[in-house]
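All heavy atoms count here, side chains included; hydrogens, waters and symmetry mates do not. Worth saying up front: this structure is predicted, and the values here are computed from it rather than measured.
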Amino acid sequence: MPATMSSATGHNAMPALSLDSFKGQFNITALMDKISNPVLEPHRQAKTILAKTGLQRPKESLQGSLQVTEQLVEHFDKAEKELRRLQSQLDRQMQKLQRSVGEAERDYQAEVIELEAVVEEVHEGFQSLDQQMSRAGQTATKIGDRLQSAESLRSRAEEAISCIQYMQNFAACTDFAELPELFQDSSRLSQAAAMTGRLLSVARDVSGARERAASPSKLPVAAAKQGSIEQAAHQLEAYRALLEKEVIASFDKAVHQKDLGTMAECAQVMTQFERGDVALMQRYISTRPLFIDARELALGQGAAQVTDTSSAITALRSLAALYKAIVQAVKDEAIIMEQVFPAPGDALVMFVTRLYEQRVQASLDRLLVAPAPTAAAETLQQHMKLVTEAFKRTMALAESLQEVVGEAANVADLANAVFSDILGDYPDIELQWLRLLHQSKSSQMSVEIAQEHLTWNLESVERCTVLSTEASCPSHVRQLFHAAANQQTPNSCLLQQISRLVLTGLAAAEEAGLRASQAPYGVATAGSASRTAIAKAASVASSEGLGRILDAMGTVSVIIGLVQQHHVKVIQPRVEASGAEAAACNAGLTGVTKSVEDRVLASLQAGLTAFFAQVDRTLTTEQKRIDFRPPEDLPPPLDRPTDACLFATSLLTTAAKAVQQLLHGTNSSAFTSELAHRMGALLLNHMQRYSYSPTGALRWKRDITEYTDCIHGFDAQSADDSFTELASLVNILLVAPERLLGLIDGSLRISHQQALKYIKLREDFKTAKIGSSTLAMLFAND
């Protein structure tokens, strides 16, 4: 079996190798497979056969592997020799190639050196040529300048000769038919006009020079003589007048025939005259349909005798029709003027200006007739609305025309000029309207009426923003909000109106409240002494008295808040561009707020005084002496306060609730504390009006408890302390005589002189003794 394998593998020769084997995509793994496969492949096949037949033994397998290994070593030795042979072959080829490349490189470098030398020579030649061309160009330029100068001198000389000849012709001629052909040919009018102007300028200069050179002592120059320069000037002026007349006549004829070419030629000729083509522009514009056509002239005529909304709408429609026709006419004429006049922009501006001065101004004058000084508020309002709408439409017309005119003129200035007389005294008419409206509502004060004033002012401010220029707007808005001290129309600006409205309303509320506080209040008005009847009577008395003033205060607070919001949202954005006007508005608002606050405080003080006077009258009327010195056989109920106490606390509670509904925070606390303090002082004074038995003192203590409970509802801590002190003074009326000294010097800690005022209120003041001393003697000295 090994012999068979050996014979099978011995015939496997190593494959041939060449340089071509390494070209393209060379892979070392493929090369190794190529060398080893002739040995390994037969061995694999034999091994597979033996494995299938089961004839292979371990020893034989090992021998076979050794033979394969020896054959592989032999093959790789041969491959190494072959690869060395190929390397030598490749080295010989590389050497031959390097020699060939070196020779080619040397030849190339030699050619490059030769080419560089040639390029350098060419470059030097171009530089030399460029210098020669530059010198030749400079020489040609100098020659050209000299030729041009010579030609100019020649032309000027010829022109001067022609001018002298023409001047001689005008100086000698007696009839224009004798003049040269230039001044006779109608096709050369432009040249004739230009030459006439130049000749006339020269003649005037010469005449002027003569007059300046003449001695002042000499007589005036005599009349022009035939052939003189003065005669030439006279004839030139006459000819120019004739020529201008002919051009104008030709232009008028061309306008009638709509011959734009001839019109343009005439306009070009007229530029040679002193007035230029302005005269033709004026004549052309005067022939436009908007100035002469009956149907066009009827536009805008409907803007007359505006008496109501319907007629105002009709008038504005007529004005809109006129403005639409103006825009279309300007667009059409701009096209024609561009073809006719050398300065079409000037002609178009002249046309637009005349339209504003004649058509727009006339229509607005008919539409915006100033109202009579005695006109009603509705008439003034309608007039100002009409003015505003007409102004908006006129400015819109200006914007449309500005697009056509371009930068040649500011059409907005023409629109503002039209309204200069109409708005000359603005915003006086707004102030007059506001004053009339205020007069119709000035006797009342309410949030609704104040809101109406703000709405009126907003309407005026919005119109003012439209009708005023950017520079005057802050001043006008400020006048509508806060007029100067020397304003001729009082109660016209918003702050004046609100101030008068508020102060008048406060005064009326105060007067009504004081009058109501003097009305009777007690059992006579309540009908009975039940708590329900007393509470109802107290509610009526409080609402008609102090409550009316408090309601007015609430209304004033809301109104001032609305005015402040109006200032921030409406006024301030429109006056902030002017620091002075903004400061004036702020100062005016601050001043009005301060004056209103002072007046509110005064009304409140007056209302409180009247209120406690009413409480005091009620206590005096309803409090009976028997309440505190009841008969011994008819003891009073100690679980119920006296009727006078119930009437007073009900009135006080109702007032406190009204205050708490109106005021909040520190304002509410301060006011309720004031109520409590005043009530405490009033009760202390009321206490000293009566004398008290022990039972009566208990009733008074019950009343004090009721008053204290009432005050507790006010959340006035400092006032609670005073009521606690008042309750402690009641003990002076309750304790036995022998315990007074310890009470006063101990827990009360008041002077004997002060305590004596309350000790005198005891029923037993004159009879009670401590030892041998009466109460008066005991507390006579501290």
Working to the nearest 0.5 Å, report the span between CG of L454 and NZ of K569. 11.5 Å
Using the side-chain hydrogen bond (donor to acceptor under 3.5 Å, both in side chains) rule, take R599 and S595 through it: C-alpha gap first, then chi angles, then the decisive distance, then the call. CA-CA 6 Å; R599 187 66 184 86; S595 64; over 6 Å; no
Closest contact, heavy atoms only, L546 versus A655: CD2-CB, 4.0 Å
Grab the two heavy atoms, one from A267 and one from F341, that are nearest each other, plus how far apart they are. CB-CD2, 4.0 Å
When you measure from the side chain of S472 to the backbone of S468, do you find a donor-acceptor pair of N or O atoms at a distance under 3.5 Å? no
Using modelled atom types and a 3.5 Å cut-off, is there a donor and acceptor pairing between side-chain atoms of S318 and backbone atoms of T314? no
Main-chain N/O of F612 paired with D616 side-chain donor or acceptor, under 3.5 Å: no
Looking only at atom types and distance, does a side-chain atom of R617 sit under 3.5 Å from a main-chain N or O of S517, one as donor and one as acceptor? yes
Would you say CD of Q564 has more than 12 non-hydrogen atoms from neighbouring residues, nucleotides or ligands within 6.0 angstrom? yes
Would E511 and R515 satisfy salt bridge (charged side-chain N to carboxylate O under 4.0 Å, His left out), going step by step from the backbone distance to the final call? CA-CA 6 Å; E511 181 181 357; R515 186 168 56 251; 3.7 Å; yes
Taking all heavy atoms of I559 and all of A450, pick out the closest pair and write down the distance. CG1-CB, 3.6 Å
Minimum heavy-atom separation for A483 and C493, please, with both atom names. N-SG, 3.2 Å
Of all the heavy-atom pairs spanning L423 and L467, show the shortest one and how long it is. CD1-O, 3.7 Å
Could R354 and F291 be counted as a cation-pi pair, given that NZ or CZ must be under 6.0 Å from the ring centre and within 45° of the axis? yes
Minimal non-hydrogen separation, V575 against P474, with atom names: CG1-O, 3.6 Å
Would you say S539's side chain and A535's backbone share a donor-acceptor pair under 3.5 angstrom? no
Using salt bridge (charged side-chain N to carboxylate O under 4.0 Å, His left out), reason through E544 and R548 one step at a time and then give a plain yes or no. CA-CA 5 Å; E544 293 181 353; R548 183 166 298 182; 5.5 Å; no
With a sphere of 6.0 Å drawn around CD of Q257, does it hold more than 12 non-hydrogen atoms of other residues, nucleotides or ligands? yes
Please work out which of the three classes, parallel, tilted or perpendicular, describes the rings of F251 and Y284, given edges at 30° and 60°. perpendicular
So, does H256 use its side chain to make a donor-acceptor pair with the main chain of D252 at under 3.5 Å? no
